[in-house]
Amino acid sequence: MSIFNIPLKYKAGEFAFNGINSDAGDCLTLDYNDEYQLLTYNVPLYGGEARLYTVPRELMPEALTAVYDSNGDIEKVVLSGSRLIYIYYKNVMVPERVILKFVKAEADKIFDMIVRRKQTLARIFIEKFYDGEAVDIAIKTATAEELQTVIDEDDGKITAADNSGNFPIENRLELDHETLGVMLMCCADSLLQNRLFNKAVETFAERIRSRVLKKIRTTEDFKFIVEEYD
């Protein structure tokens, strides 16, 4: 078990962990379990515990970077320059704007991937899951041929075609759930987290629906389905 402290107030700029004076006032205290590669911390100001899994032990803590704004207030902490570990929201109005901007950008990336496939689609599924810790938003697509295969394998049951779990995992394109998870965990409380997750799903689905359906071919029996899995 290891403890790493990152000041909440420092100097403007980006600083590698080894270049920060960790005794400088109030800190974000990272509790790292080497055996399980598990990183936890109490969210400053807002409370609640954040838990991040599969944080490689060989990267801790040297690969941590803290980013501070022009006033020296912490903005975020990242690992290896890209994996979000912590984000600071100045007030409860900020998370929705930040999260929805991120979700729209992720939807646009996935939109480009779908269009490049140049398939005629019979189904687009938006899969979602959130339990207060683990978070997932993804798309799974299916062609008419894949629909027929699923129906045949389920003794001709048409309803089988409306279950995303029956289609290949290779058809799945997921949003960066690790980043979204951190963004949600750093919010004020569980009620806000759940509301913002639902808003994120709605925004993601609408972004895909409005953009993709203008650019791809679909079958006559095409369906756009949003579903939660457990």
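One-based numbering along the sequence shown.
A single hydrophobic cluster is seen to contain both Phe222 and Val226, as judged by linkage of ILVMFWY side chains at heavy-atom distances under 4.5 Å, directly or through other members. Cluster annotation: Leu213 and Ile110 are assigned to the same hydrophobic cluster (Ile/Leu/Val/Met/Phe/Trp/Tyr, side-chain heavy-atom contacts under 4.5 Å, transitive). Cluster membership check: Ile20 shares its hydrophobic cluster with Leu8, using side-chain heavy-atom separations under 4.5 Å among Ile, Leu, Val, Met, Phe, Trp and Tyr. Under a hydrophobic clustering in which Ile, Leu, Val, Met, Phe, Trp and Tyr are joined whenever their side-chain heavy atoms come within less than 4.5 Å, directly or via other members, Val43 and Tyr130 fall into the same cluster. Ile225 and Ile216 are members of different hydrophobic clusters when ILVMFWY side chains are connected at heavy-atom separations under 4.5 Å.
Under the 3.5 Å distance criterion, the side-chain polar atoms of Asn42 are left unmatched by any main-chain donor or acceptor of Gly47. In this structure, the side chain of Ser82 does not engage the main chain of Val78 through any donor-acceptor pair within 3.5 Å. Between the side chain of Asn166 and the backbone N or O of Ala160, at least one donor-acceptor pair lies under 3.5 Å. Using a distance-only test at 3.5 Å, with no hydrogens or angles considered, no donor-acceptor pair links the side chain of Asp154 to the main chain of Lys157. Without hydrogens or angle criteria, Gln193 side chain to Leu184 main chain gives a donor-acceptor distance under 3.5 Å. Proximity of a side-chain donor or acceptor of Tyr88 to a complementary backbone N or O of Tyr68 within less than 3.5 Å is not detected. Here the side chain of Tyr86 pairs no donor or acceptor atom with the backbone of Tyr41 at under 3.5 angstrom.
Under a 4.0 Å N-O distance rule, the pair Asp162/Arg123 qualifies as a salt bridge. Between Lys9 and Asp73, at least one side-chain N (NZ, or NE/NH1/NH2) sits under 4.0 Å from a carboxylate O, which counts as a salt bridge.
Under the side-chain hydrogen bond (donor to acceptor under 3.5 Å, both in side chains) test applied with Thr141, the options Glu146, Arg172, Arg117 reduce to a single match, Arg117. When each of Lys104, Glu96, Lys101 is tested with Thr203 by the rule side-chain contact (heavy atoms from CB on, under 4.5 Å), just one qualifies, namely Lys104.
Under the 4.5 Å side-chain criterion, counting only non-hydrogen atoms from C-beta, Ile137 is in contact with Phe197. Between Lys215 and Phe111 there is a side-chain heavy-atom pair separated by less than 4.5 Å. No side-chain heavy atom of Leu59 sits under 4.5 Å from any side-chain heavy atom of Val55. Contact of the Arg97 side chain with the Met93 side chain is not registered, since no non-hydrogen atoms from C-beta on lie closer than 4.5 Å. Side-chain contact between Leu84 and Glu178 is absent, with no heavy-atom pair separated by less than 4.5 Å. Within the 4.5 Å cutoff, no side-chain heavy atoms of Glu106 are placed close to those of Thr179. Side-chain atoms of Gln148 and Ile151, non-hydrogen and from C-beta on, do get closer than 4.5 Å to each other. Here the side chains of Asp176 and Phe102 are in contact, with some heavy-atom distance below 4.5 Å.
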Please walk me through it: do Ser2 and Met60 pass side chain to side chain contact (heavy atoms under 4.5 Å, CB included)? CA-CA 9 Å; Ser2 303; Met60 292 292 294; over 6 Å; no
From CA spacing to verdict: side chain to side chain contact (heavy atoms under 4.5 Å, CB included), Thr219, Leu147: CA-CA 11 Å; Thr219 61; Leu147 250 68; over 6 Å; no
Criterion side chain to side chain contact (heavy atoms under 4.5 Å, CB included) on Leu52 and Met185, from CA distance to verdict: CA-CA 10 Å; Leu52 287 77; Met185 284 188 288; 4.1 Å; yes
side-chain hydrogen bond (donor to acceptor under 3.5 Å, both in side chains) assessment of Glu202 paired with Asn198: CA-CA 6 Å; Glu202 293 172 6; Asn198 291 329; over 6 Å; no
Apply the test side chain to side chain contact (heavy atoms under 4.5 Å, CB included) to residues Val92 and Tyr46: give CA-CA distance (whole Å), side-chain angles for both, the deciding distance (0.1 Å), then the verdict. CA-CA 9 Å; Val92 294; Tyr46 295 113; 4.2 Å; yes
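Taking CZ of Arg83 as the reference point, atom CG of Leu64 lies at 10.5 Å (rounded to 0.5 Å).
Between Cys187 and Ile99, the shortest heavy-atom distance links the atoms SG-CD1, 4.3 Å. Taking both residues in full, the closest heavy atoms of Tyr10 and Gly19 are given as OH-O, 3.7 Å, listed atom of the first, atom of the second, then distance. What you find for Pro168 and Lys140 is that their closest heavy atoms are O-CE, 3.7 Å. Across every non-hydrogen atom of Val103 and Ala200, the tightest pair is CG1-O, 3.5 Å. Across Phe4 and Pro61, no two heavy atoms sit closer than the pair CE2-CG, 3.5 Å. The shortest heavy-atom contact between Ala122 and Ala144 is CB-N, 3.9 Å.
Tyr53 OH: more than 12 foreign heavy atoms inside a 6.0 Å radius.
Residues satisfying the ring-ring contact (aromatic ring centres under 6.0 Å, His included) criterion with Phe167, sequence neighbours excluded, are Phe125.
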